[in-house]
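Just the heavy atoms: all of them, side chains too, but no hydrogens, waters or symmetry mates, feed the values below. Since the structure is predicted, the reported quantities are computational estimates derived from the model, not experimental observations.
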Amino acid sequence: MSAHPATITTPIYYVNDRPHIGHAYTTTLCDVWARTMRLRGRSVFFLTGTDEHGVKVEKSAAARGITPRALADENAAEFKRVMSLFGLSNDDFIRTTEPRHERRVQALVKRLHEGGSVYLGTFEGWYDEGQEEYYTETKAKELNYQSPVNGRPLVRATEKNYYFRLSAFQERLQQHFADHPHFVQPSARQNEVLGRLREGLQDVPITRTNFTWGIPFPGDPQHVIYVWIDALFNYITALGVGEPNSDAARERACHWPADFHVIGKEILWFHAVIWPALLMALELPLPKRIHAHSFWIADGQKMSKSLGNFIDLPSIEGYFAHYGLDAWRWYMATQGPLTTTDADFSAKHFHETYTNDLVNTVGNCASRVGAMIGKYFGGTLPEDAERGGPWPDRCASAVRQWCNHMDAFELAAAARCGIDLLRQIDGMINETEPFKLAKDPANLPRLASILSQCAQTVRVAGVLLEPFMPSKMSALADGFGGDTCRHAPWEARSAYGHMQPGCAVAKLALFPRVEPIGKVLAG
Ligand code: MSP
């Protein structure tokens, strides 16, 4: 087994919100990738967590008459509960109020200050209070002096603050983009960032004095570290960077740089420009790729609580109860806004996807192959005198393509590799009509070959679908070859022919046909 490390991160989520489809989406994508890499024998570090400081949390807590820490504790616990409800396999969950994070952020900011990348200066500009983001005059004018997110007016602000010398990294950043054309993906997003980068970079304030709920600036505690800087550092504080003698640093150092930071498109600038510049200033390696997905919308509109079209946690739980967790994961990973277009969430589309992919393809294929082996060969895998025919090659090619897609974070395309194998098996069954062949004993060797090829291929497809639907595919693996196959190393597990003649093949009912959820909800 190769212990080659693989690292993936989600954004850390604001604790002033309740978990909803957006959080579930990004985290599920990362989970599929993390499970894939574990399956392939890589040593995986999958990180998620909560972003707990800043004026927004301070204000929400005040509105409820509780302390910011009480609010953070309550909602961080809710995010953690949701992660386990969704079967997410994160290796760590970092909270920015944890001492390990706060200590390491202070050490890193101190290093930036001492190295001359941070200095004390005076700021005058436009501030988006909701987003806690500053804009230059040009940008503010372009936005009509309104927040691009919530439409509220930008406010004029003057402050003495510590600044990060972002402008000093303009050329190095441009060079990095030129040398790494896939640094930000999809490539249209890389072009967007490059366009804005070419307009020129200004130094950015990295401290605030107008609130206290944050990490104090080392050596000048009246200043609090800006929540975005604090938050970005989570990706390395969880690995012990900033505290070389910590256990985390000893055990996890090999996990930096990350293979992927997966984020939504609205936080790309922080990840593609500010974060890399901070890392350059610290002389640390940059993440290998940043994948910015688009947004789930509902019925063609932005999801919003006031429109009542928000897919919140109770709605998600409704889908779990009706279709099962794995069906939900499948819909997220294969039908979501992975690239540059937003994806419409609709109950009808969910139902169609479930029925076409899972009931009619995965479930049906596994059940008919299992049923025929049960009927004609007593439920054990028959010998195949044809030695797999074209199927070993087809499986090997599907596995290869699947690996390439997963490496590039093309999850929906990877999922298709598994589904396509099953569709081809369905095609062979329809063409060769084993149930007719079975009527004449002279056809027995041919029947044995066909059904063996079907079963071997279904097992391989099940392996490719496992990261998407871990529990259903575990049931499939149990039914097709059982333990000997499941615990084998990746090279063997993913190879055609891993099931031995004589091993048990079961008839499975993986995905029941159900009513559309709309009807159920309507009573
Ligand atoms: N705390 C910051 C991130 C700091 S990372 C160093 C933040 N948090 S957030 O709670 O607002 O979460 C934002 C993320 O949630 C988005 O980047 C995206 O991953 C996910 N989504 C939120 N709404 C979404 C949709 N409607 N659709 C898909 N994902 C979206 O920003």
Side-chain angles (χ1 to χ4, degrees), residues 8-11 13-14 17-33 48 82 86 128 130-131 133 142-143 146-152 182 184-196 260-272 289-316 318-319 323 327-354 356-357 405 408-416 468 517-518:
I8 191 156
T9 68
T10 73
Y13 303 115
Y14 284 131
D17 206 355
R18 318 289 294 180
H20 57 65
I21 186 173
H23 310 121
Y25 177 59
T26 315
T27 321
T28 301
L29 295 179
C30 292
D31 187 69
V32 169
W33 193 88
T48 188
V82 169
F86 281 51
D128 181 337
Q131 285 302 98
E133 188 171 358
E142 200 178 289
L143 294 170
Q146 284 177 341
S147 163
V149 178
N150 59 25
R152 291 204 207 106
H182 302 294
V184 173
Q185 60 182 53
S187 56
R189 298 271 177 236
Q190 169 130 334
N191 292 338
E192 270 172 33
V193 176
L194 248 182
R196 195 170 152 195
F260 281 104
H261 288 319
V262 183
I263 56 166
K265 61 183 175 182
E266 86 289 14
I267 56 176
L268 181 55
W269 182 253
F270 287 106
H271 284 83
R289 288 191 191 190
I290 295 160
H291 185 98
H293 61 70
S294 301
F295 268 44
W296 279 106
I297 52 173
D299 307 314
Q301 284 175 298
K302 194 175 169 190
M303 285 190 191
S304 89
K305 284 173 190 141
S306 51
L307 286 174
N309 62 358
F310 212 87
I311 309 291
D312 56 8
L313 197 54
S315 341
I316 298 173
Y319 279 87
Y323 295 99
W328 167 267
R329 291 171 59 92
W330 180 256
Y331 189 68
M332 289 289 104
T334 64
Q335 307 297 318
L338 193 62
T339 59
T340 46
T341 31
D342 289 344
D344 207 13
F345 187 99
S346 90
K348 185 166 172 277
H349 186 225
F350 191 109
H351 186 78
E352 285 164 5
T353 306
Y354 175 77
N356 293 340
D357 289 351
H405 287 309
F409 210 68
E410 293 157 356
L411 306 191
R416 287 290 127 203
F468 300 90
I517 192 168

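- Looking at residues two or more places apart in sequence or on another chain, you find a ring pair (Phe, Tyr, Trp, His ring centres under 6.0 Å) between H349 and Y331.
- Residues I263 and L268 come closest through the heavy atom pair CD1-CA, 3.7 Å.
- Taking CD from E410 and CD from Q185, the interatomic distance works out to 7.5 Å, rounded to the nearest 0.5 Å.
- Among residues two or more places apart in sequence or in another chain, the side chain to side chain contact (heavy atoms under 4.5 Å, CB included) test is passed with H20 by D17, H23, F310.
- Taking all atoms of both residues into account, the shortest heavy-atom contact from Q335 to D357 is NE2-OD2, 4.4 Å.
- Between the side chains of S315 and D312, at least one donor-acceptor pair of N or O atoms lies under 3.5 Å.
- Separation of atoms CZ (F468) and CG (L29) is listed at 9.5 Å; rounding is to 0.5 Å.
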(Q) Set out, in order, the CA-CA distance, both residues' side-chain angles and the distance that settles side-chain contact (heavy atoms from CB on, under 4.5 Å) for T10 and V262, then state yes or no. (A) CA-CA 5 Å; T10 73; V262 183; over 6 Å; no
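- Between the CD1 atom in I311 and the CH2 atom in W296 there is a gap of 9.0 Å [rounded to 0.5 Å].
- When all heavy atoms of M303 and N309 are compared, the closest pair comes out as CA-OD1, 3.4 Å.
- For the atom pair OG1 of T9 and CD1 of I290, the computed distance is 9.0 Å after rounding to the nearest 0.5 Å.
- Checked for salt-bridge contact, E192 and R196 miss the test: no charged N lies under 4.0 Å from a carboxylate O.
- The two residues T48 and T27 have their closest heavy-atom pair at OG1-CG2, 4.4 Å.
- Residues passing the salt bridge (Lys or Arg N to Asp or Glu O under 4.0 Å) test with E266, sequence neighbours excluded: none.
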**Q.** Steps toward ring pair (Phe, Tyr, Trp, His ring centres under 6.0 Å) verdict (F345, Y25)
**A.** CA-CA 12 Å; F345 187 99; Y25 177 59; over 10 Å; no
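- Atom OG1 of T340 sits about 6.0 Å away from atom CZ of R189, to the nearest 0.5 Å.
- In this structure R289 satisfies the salt bridge (Lys or Arg N to Asp or Glu O under 4.0 Å) test with no other residue, sequence neighbours excluded.
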Q: Check the pair F295 / I21 against side-chain contact (heavy atoms from CB on, under 4.5 Å), numbers first and verdict last.
A: CA-CA 10 Å; F295 268 44; I21 186 173; over 6 Å; no
Q: Would you check, one step at a time, whether the test side-chain contact (heavy atoms from CB on, under 4.5 Å) holds for T26 with Y13?
A: CA-CA 11 Å; T26 315; Y13 303 115; 3.4 Å; yes
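- Pairing each heavy atom of A292 with each of P186, the nearest pair is O-CD, 3.3 Å.
- Note that OG1 of T334 is 12.0 Å distant from CZ of R329, once rounded to the nearest 0.5 Å.
- Ring planes of F409 and H291: tilted class, angle from 30 to 60°.
- Taking Q131 as the reference, K56, D128, E133, V149 meet the side chain to side chain contact (heavy atoms under 4.5 Å, CB included) condition, with sequence neighbours excluded.
- Legend: residues meeting salt bridge (Lys or Arg N to Asp or Glu O under 4.0 Å) with K265, ordered by chain and number and at least two apart, are D342.
- In this structure, F350 and Y323 have tilted ring planes: the angle between them lies in the 30° to 60° band.
- When all heavy atoms of A343 and G336 are compared, the pair lying nearest together is CB-C, 3.7 Å.
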